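So the structure is just underneath, and the comments pick up after that.
Within every chain, numbering begins at 1; the chains are lettered A, B, ... in the order of the sequence lines, protein sequences first and strands thereafter. Bear in mind that the values here come from a model prediction, so they are computed numbers and not experimental data.
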Amino acid sequence: MARILITSALPYINGVKHLGNLAGSMLPADVYARFQRLRGHDVLYICATDEHGTPAELAAKAAGQTPDDYCKEQHKIQREVGKGFKLSYDWFGRSSSRPNNELTQAFADKLEDNGLIEERTSRQVYSIDDKRFLPDRYVEGTCPHCGYEKARGDQCDNCGRLLDPVDLKDPYSAVSGSKKIEIRDTQHLFLLQSKMQDRIRAWVDAADHWPQLTKSIAYKWLDEGLQDRSITRDLAWGVPVTRNGKPRPGFENKVYYVWFDAPIEYIGATWEWSSAAGEGETRDWRSWWRTDEGADDVTYVQFMGKDNVAFHTVSFPVTILGSQEPWKLVDKLKAFNWLTWYGGKFSTSEKRGVFMDQALELLPSDYWRWYLIANSPEGSDAAFTWQNFQSTINSDLANVLGNFVNRITKYAGSKFHGQVPKDGERGEAEAWMAKELETRLPLLLQHYEDMEFRKAAAETRAIWAAGNEYLTKAEPWVKYKTDVDAAAVGVRTGLNLAALFGIIAQPIIPDAAQKILTALNIPEQARSLNFTSGDRSYADLLDALPRGMEISAPDVLFAKIEDAQVEDWTARFGGG
RNA sequence: GGUGGGGUAGCUCAGCUGGUUAGAGCGCAGGACUCAUAAUCCUGAGGUCGAGAGUUCAAGUCUCUCUCCCACUACCA
């Protein structure tokens, strides 16, 4: 039994996430976690909300709440939506939690002890009316190059040029609109990433389980040369800057930069999980993270969108390696491209696309889970369209899987008293089906191991489709007229296939799988993805259910998506 | 601008270190079947693999040029 630690990129606290966020980190991580649990491994799947930073502070202000209250509320909302999508987190934490505060401060201390942090003075935009320093993008003004009047301090959206806020003409605060702006000196802590360049490169060189996309992004940063970066900000909301447990002089009104503390929350959330252990339960977070305390046998897998890769392959490892402490580093890193929405991006700020809470109002989570995995943006960006969604669901789920389960269970009910038939001998059709399973099931497992989710879904579907093909070959409804025993073999095999189809469906569509397996009375211990444990062969899968066992026909598993619904949703959400 | 990824059947995508007639699903056409959610199964049509040049006995697969799309570009996260 292997120990597998899984984390998905922390969703930012600022509002419910859209389907693109779900498809690019949380959902595949969940599918992978479910898969590995069903393989019998010891899995710990950790996620959390990323709560610090300027956007959270401003959103709280806009909502008339303290950042703390705002985050508490938003965290609960995100946690519930995650539940709605059946994301099987072992823990869904908060980056503002106490453990993360402690860990972040401890890491900073270690880094400074190791000569990797120094104080530097930098010049920043200060808004007098807002009484705060402003990040570059919260300063707006007229672009010195093209005259665009709403250029941001970091970049002009009109001409695309990178800017420095001091270059803007007539600058004003994007927070309040105030023009009372000045440049002030401010002290910040800089993490000396440049000193870690060689160590990081050696570590990336040695990482042989990373996909191409991941490595190329890491090397890009390394080739350009790691720059020292500021890890503190002039904000009130965040992890307070300390030195050896005491407020750091001159930094009383500053916090660590959100990108410094957020990845540390992977560890922090595990600590939270540990602290929440119930009566008589032992949870040791350090055994998952400290290689000197048991984590050396842990395989750590991270899931994220491509925008996050640099931070996970370079920035966070600088923190970990720079600490000189035996913390666990990532072993496998799966990065995703974007799910696109009618030619553009899903966008939280522009409210483009479908958001997780809205999606659940339209259809049960399985529908979305299947579509988003079967069309996962793995190799390149993937387009979401309502029509594609409709045809994928209707074909794969309603027709191929749902109809298979329905036809065989109904037929068993009407002709074989709702029992697994006892009689009849196997023939050619069963041999053909066994052969299919023998070649396809190992492929399916391999795709999951490789984290090739599109391929895993395609193989799952191919196995379901093979079941329909089998029934055509076996045609029990024809044989029933002349030879009931011959029909019995077909029905028995069909019912066993329905059970198997439910079993392999579990990682992607857990609810539907549960319905199938419950209707067929499959006990928990018989639901694993270890198909050939012991002396069991693939052919045995076709006769695994106890003969004579009562089964029931589940309700129709998937309703088809009607054209009228597509029209309705298109009108409501746009697209097309 | 720089860097990276991508441009393969009507649509969405597979095609690893170059090797016989380029694949899948959907859609489309025809047929079979009737247990089933007008579902399923079979067969078929359909591609100058973005454009051009080069290397090679052989290129979707390697090199160069061009073109279009997307992402990243370190103080948004």
Listed nucleotide nearest any side-chain atom of [X], set [options]:
X       : options                : value
V400(A) : U12(B), U40(B), G25(B) : U40(B)
D307(A) : C35(B), C72(B), U37(B) : C72(B)
D50(A)  : C41(B), U37(B), A77(B) : A77(B)
K455(A) : C76(B), U37(B), G15(B) : G15(B)
Q193(A) : A74(B), U37(B), C26(B) : A74(B)
P135(A) : U40(B), C76(B), U37(B) : C76(B)
Y257(A) : U40(B), A77(B), G25(B) : A77(B)
F190(A) : A77(B), A74(B), C75(B) : C75(B)
A382(A) : C13(B), C42(B), U40(B) : C13(B)

Counter-base of [N], judged by Watson-Crick or G-U geometry with both distances under 3.5 Å:
N      : answer
A38(B) : none
G52(B) : C64(B)
C33(B) : none
C28(B) : G44(B)

> Is W477(A) stacked on the base of C35(B) when the test is centres under 5.5 angstrom and planes under 30 degrees?
Replying inline: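 Ring-base stacking flag set for W477(A) and C35(B).
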
> Would you say E459(A)'s side chain and A456(A)'s backbone share a donor-acceptor pair under 3.5 angstrom?
Replying inline: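 No, because the side chain of E459(A) does not come within donor-acceptor range (under 3.5 Å) of the backbone of A456(A).
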
> How far apart are the closest heavy atoms of P421(A) and R492(A), and which atoms are they?
Replying inline: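 Heavy atoms only, the tightest pair is O-NH1, 3.0 Å.
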
> For D50(A), which of L10(A), I13(A), N14(A) qualifies under side-chain contact (heavy atoms from CB on, under 4.5 Å)?
Replying inline: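 Exactly one pass, corresponding to L10(A).
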
>> Using side-chain hydrogen bond (donor to acceptor under 3.5 Å, both in side chains), reason through T49(A) and E51(A) one step at a time and then give a plain yes or no.
In response: CA-CA 6 Å; T49(A) 39; E51(A) 305 192 352; 2.7 Å; yes

